[in-house]
4 protein chains.
Amino acid sequence: MKQPTQRDLQAESRRTQLLDIALALFAERGVENVSIKDLAAEADIAPGLIYHYFASKDDLLAAVFQRYSPLPEFEAVIEQMSDLPAREGLQHFANGMAAIMGQKRAVIRLLARELLSPRASSLAVVVSFRATVVARLQDTFQRWIAAGELKPHEPLVTVHMLVSSLLILLLLEQPFELLIPQFVATIMDGIQA
Amino acid sequence: MKQPTQRDLQAESRRTQLLDIALALFAERGVENVSIKDLAAEADIAPGLIYHYFASKDDLLAAVFQRYSPLPEFEAVIEQMSDLPAREGLQHFANGMAAIMGQKRAVIRLLARELLSPRASSLAVVVSFRATVVARLQDTFQRWIAAGELKPHEPLVTVHMLVSSLLILLLLEQPFELLIPQFVATIMDGIQA
Amino acid sequence: MKQPTQRDLQAESRRTQLLDIALALFAERGVENVSIKDLAAEADIAPGLIYHYFASKDDLLAAVFQRYSPLPEFEAVIEQMSDLPAREGLQHFANGMAAIMGQKRAVIRLLARELLSPRASSLAVVVSFRATVVARLQDTFQRWIAAGELKPHEPLVTVHMLVSSLLILLLLEQPFELLIPQFVATIMDGIQA
Amino acid sequence: MKQPTQRDLQAESRRTQLLDIALALFAERGVENVSIKDLAAEADIAPGLIYHYFASKDDLLAAVFQRYSPLPEFEAVIEQMSDLPAREGLQHFANGMAAIMGQKRAVIRLLARELLSPRASSLAVVVSFRATVVARLQDTFQRWIAAGELKPHEPLVTVHMLVSSLLILLLLEQPFELLIPQFVATIMDGIQA
DNA sequence: GATGAATGAGAGTTCATTCAT
DNA sequence: GATGAATGAACTCTCATTCAT
């Protein structure tokens, strides 16, 4: 186990810089509208150097996802919500989502765009992300149903509604903070008079 | 007022053929992953001919939307739902959506993808589509609320939840028929025990 | 020798229309910036019809030159000038040029442009035009020199200076009427104090 | 202040090579008859590489003008002529022109062709070139007139005659050395007996 | 005489990627 | 680690020309 040399440190910082830039540009303009040259120009390096750090553009994208994945945050929120009563838990979840989306707007937009793009499944990271989040949420709902706090129902439905609603707002670049409590209220109580 | 000649018919059928092919390929692979040459090859014609019928690739895309727009169907469904009581109306709407999405899966996917893409608003058709549908739905909800059938609430919330949920399912190429009644039930009654 | 039928007349008028349009557009934008489609659109006919009247775009250009050639006018002016004393003759020539250039601005610009273009000699009309004009002018000058009205000199020099000056003005779309007397005065008297 | 490396030298030489080839082909065949592929083939490189050195074909053309501009030579000649008496000055100018045109035949043809083309003023270099030369020459003539060496007259006339005559000869690919003294003699003394 | 659908080569340009230096 | 010269295929789009109708 050797010490990181000066070079290692520089390399690491360059890698990070590239990931940052890639995240920003990809999210803003869409992956296919950002060329390797654009990235290099933004980083003030030669285009070729990018291939020293990443095997390909796709690989760079995957690395962006890996590095900035909002998964840990999501998992934390889900963890916390599962100890609360249903309504509060749901509220907590929605608030947590809002907070995460606020901080990690760029990756999430990127992730969502990739998730919906036709070539989707090519990126393993993207796919596994979705699977993980959905699974964890379903668990929690199941527990609430078992505890009699919620009607017996397919939790996938609720989860899907909530997440879809937020996702679309995010993609359309519209503010979601204000709507979140209303989403939660609707899901809990319905709209029937 | 002259009869369409043989030539006119042939031209019309070629135009239609191109629109069909464009719709199919664009929806399947995404607009930017389909080249003019791909389209020409699929239609078994010379690439240049496409420009005889359409001024540009964007123009072709716009023509696809215009020809296959699901807007009339959506408007019809919304029209019908507004005469029903809330729950049935919502059910009708959801079923109508399911039916339309079943028949017009390809355009809708295409439309949705364009709607969410970073260059979005470049295509007027796409933008006006969203605006129209949302406006019509809001009207109907307002009426239900005024009639005391629904709680006073912001109908945009409900509309957004419902439409987003269906849209995401469509984009992920997942079956939505089964989930629709559950979406409706949740929205009407909530999930609280 | 048969009478021209209705059809012959129509054909002739169409041919003339096409030549007119070609002249106007070619002169204004340059031959290579005018497509067959542009011409057809301007004439309100189908592109293919042009090939019924002319074998190719080059052939059309040649026909334009033939039909609108300013050669007869130039020859007339040269004819007239040769009967006058030198100074008056030159003045007459210059004025004649000005007049012709005023009326036939478009063909002359076109002719000049072709004359100077790299593919020049491909068009026989263009080349023979220049040769003819120069030959006729030289003759006249020779006569004046022989008559002792002008110094012995190479008339090609004077002719070239005069014609080049006018030509360049024409090509640069600048007014030449005002300068013509000064060209003549300079050529006759020089500028030495 | 660093040394040019091997790579820098190679790049510079490639740039030069491309400019040379562009100059030669453009002058010979005309800009619009030379494709990027032609240039690449002549240089024995991939077409894309040209865009590594120049942003566009127009940019390449502009760079050709900048690199090979005969403006410094013209300015030098004009500078020198302005210190001489009129006749000698004019002679010097004409000889200088002949010399420059001999050495820089290709650029000048190119420049002249662009100057006369319908799209002309698109290239700033071209326009400013003409303006500069004309202005400098007018100055000099004004001084000669003021000094009583030349008749009072509009120097633009003389300048235009002289330059047009040479330009047309150049464009027609005809030898001009022999005619130059005669141009000068005519302009100074006229041709009247 | 007239149409316009169809061709197919070729235009300028972009871009992910490689590799000698 | 870093450079940027070099590649070559692919892109959208234009155009003179042909020919069945």
Side-chain angles (χ1 to χ4, degrees), chain A residues 5-8 10-11 14-15 32-40 45-60, chain B residues 5-8 10-15 32-40 43-60, chain C residues 5-8 10-11 14-15 32-40 44-60, chain D residues 5-8 10-15 32-40 43-58 60:
Chain A
T5 67
Q6 192 62 28
R7 247 204 179 178
D8 289 343
Q10 190 198 338
R14 174 110 305 162
R15 221 185 114 88
E32 61 276 323
N33 302 313
V34 177
S35 71
I36 293 288
K37 247 185 188 146
D38 291 340
L39 293 168
I45 59 171
L49 187 52
I50 292 177
Y51 289 86
H52 191 75
Y53 292 94
F54 307 97
S56 67
K57 201 181 170 184
D58 266 13
D59 183 55
L60 169 55
Chain B
T5 67
Q6 194 62 26
R7 291 281 289 301
D8 290 342
Q10 190 198 331
E12 183 47 37
S13 106
R14 173 105 314 154
R15 217 186 119 88
E32 61 277 322
N33 302 313
V34 177
S35 73
I36 293 290
K37 271 198 174 129
D38 290 341
L39 293 168
D44 212 36
I45 58 172
L49 187 54
I50 292 178
Y51 290 88
H52 187 67
Y53 290 94
F54 306 98
S56 67
K57 201 182 171 184
D58 266 14
D59 183 55
L60 170 56
Chain C
T5 67
Q6 193 61 29
R7 251 205 176 177
D8 289 344
Q10 191 198 337
R14 176 111 301 164
R15 221 184 114 89
E32 61 276 324
N33 301 315
V34 176
S35 71
I36 293 288
K37 247 185 188 146
D38 290 341
L39 293 168
D44 214 35
I45 59 172
L49 188 53
I50 292 177
Y51 289 86
H52 190 74
Y53 292 95
F54 307 97
S56 68
K57 201 181 171 185
D58 267 13
D59 183 55
L60 169 57
Chain D
T5 68
Q6 194 64 27
R7 290 281 289 301
D8 290 343
Q10 189 198 332
E12 184 47 37
S13 106
R14 172 105 316 154
R15 216 186 119 89
E32 60 277 321
N33 302 312
V34 177
S35 73
I36 293 290
K37 274 197 171 130
D38 290 341
L39 294 168
D44 214 36
I45 58 171
L49 186 54
I50 292 177
Y51 290 87
H52 187 68
Y53 291 94
F54 306 97
S56 66
K57 200 182 172 186
D58 266 14
L60 169 56

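Lettering of chains follows the sequences in order, A, B, ..., and the numbering in each one begins at 1.
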If you only use heavy atoms from C-beta on, which nucleotide in [options] is closest to the side chain of [X]?
| X | options | value |
| --- | --- | --- |
| D:S56 | E:dT13, F:dC15, E:dT17 | E:dT13 |
| A:Y51 | F:dA16, E:dG4, E:dA16 | E:dA16 |
| A:Q10 | F:dG8, F:dT12, F:dA2 | F:dA2 |
| D:K57 | E:dG1, E:dT13, F:dA2 | E:dT13 |
| A:I45 | F:dT3, F:dG8, F:dC11 | F:dT3 |
| B:Q6 | E:dG12, F:dT21, F:dA16 | F:dT21 |
| B:A46 | E:dG8, F:dC15, F:dT12 | E:dG8 |
| B:R7 | E:dG12, F:dA6, F:dT21 | F:dT21 |

Tell me what C:L49 touches on the nucleic acid: a base, only sugar-phosphate, or nothing, going by heavy atoms under 4.0 Å.
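Base, at least one base heavy atom under 4.0 Å.
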Would you mind classifying the nucleic acid contact of B:T5 as base, sugar-phosphate or nothing, using non-hydrogen atoms under 4.0 angstrom?
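Since no nucleic acid heavy atom lies under 4.0 Å of B:T5, the category is nothing.
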Just the rounded figure in Å: distance from [atom2] of [N] to [atom1] of [X].
| X | N | atom1 | atom2 | result |
| --- | --- | --- | --- | --- |
| B:Y53 | E:dT7 | OH | C1' | 13 Å |
| C:I50 | F:dC15 | CD1 | P | 13 Å |
| B:D38 | F:dT12 | CG | C1' | 12 Å |
| B:H52 | F:dT12 | NE2 | P | 20 Å |
| B:I36 | F:dT12 | CD1 | P | 5 Å |
| A:N33 | E:dA16 | CG | P | 10 Å |
| C:D58 | F:dC15 | CG | P | 16 Å |
| B:E12 | F:dT21 | CD | P | 19 Å |

Judged by each residue's nearest nucleotide on DNA chain F, which is more toward the 5′ side, D:K37 or C:V34?
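Its nucleotide being nearer the 5' end, the pick is D:K37.
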Give the minimum heavy-atom separation between [X] and [Y], together with the two atoms involved.
| X | Y | value |
| --- | --- | --- |
| B:F54 | B:D59 | CA-OD2, 3.6 Å |
| D:N33 | D:D38 | O-OD2, 3.9 Å |
| D:K57 | D:E32 | NZ-CA, 4.2 Å |
| A:K37 | A:P47 | CG-CG, 4.1 Å |
| A:A46 | A:A40 | C-CB, 3.9 Å |
| A:I45 | A:I50 | CD1-CG1, 4.1 Å |

Has B:R14 got a side-chain N or O lying under 4.0 Å from the OP1 or OP2 atom of E:dA5?
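False: B:R14 side-chain N/O out of range (4.0 Å or more) of E:dA5 OP1/OP2.
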Reckon C:S35 has a side-chain N or O less than 4.0 Å from the OP1 or OP2 of F:dT14?
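No.
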Base paired to F:dA20 (Watson-Crick or G-U; both N/O distances under 3.5 angstrom)
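With both distances under 3.5 Å, F:dA20 matches E:dT3.
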Let's test this: given Watson-Crick or G-U wobble pairing with both distances under 3.5 Å, identify the partner of E:dG10.
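Partner of E:dG10: F:dC13.
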Between C:A11 and B:A11, who's closer to the 5' end of DNA chain E by nearest nucleotide?
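It is C:A11 whose nearest nucleotide is closer to the 5' end.
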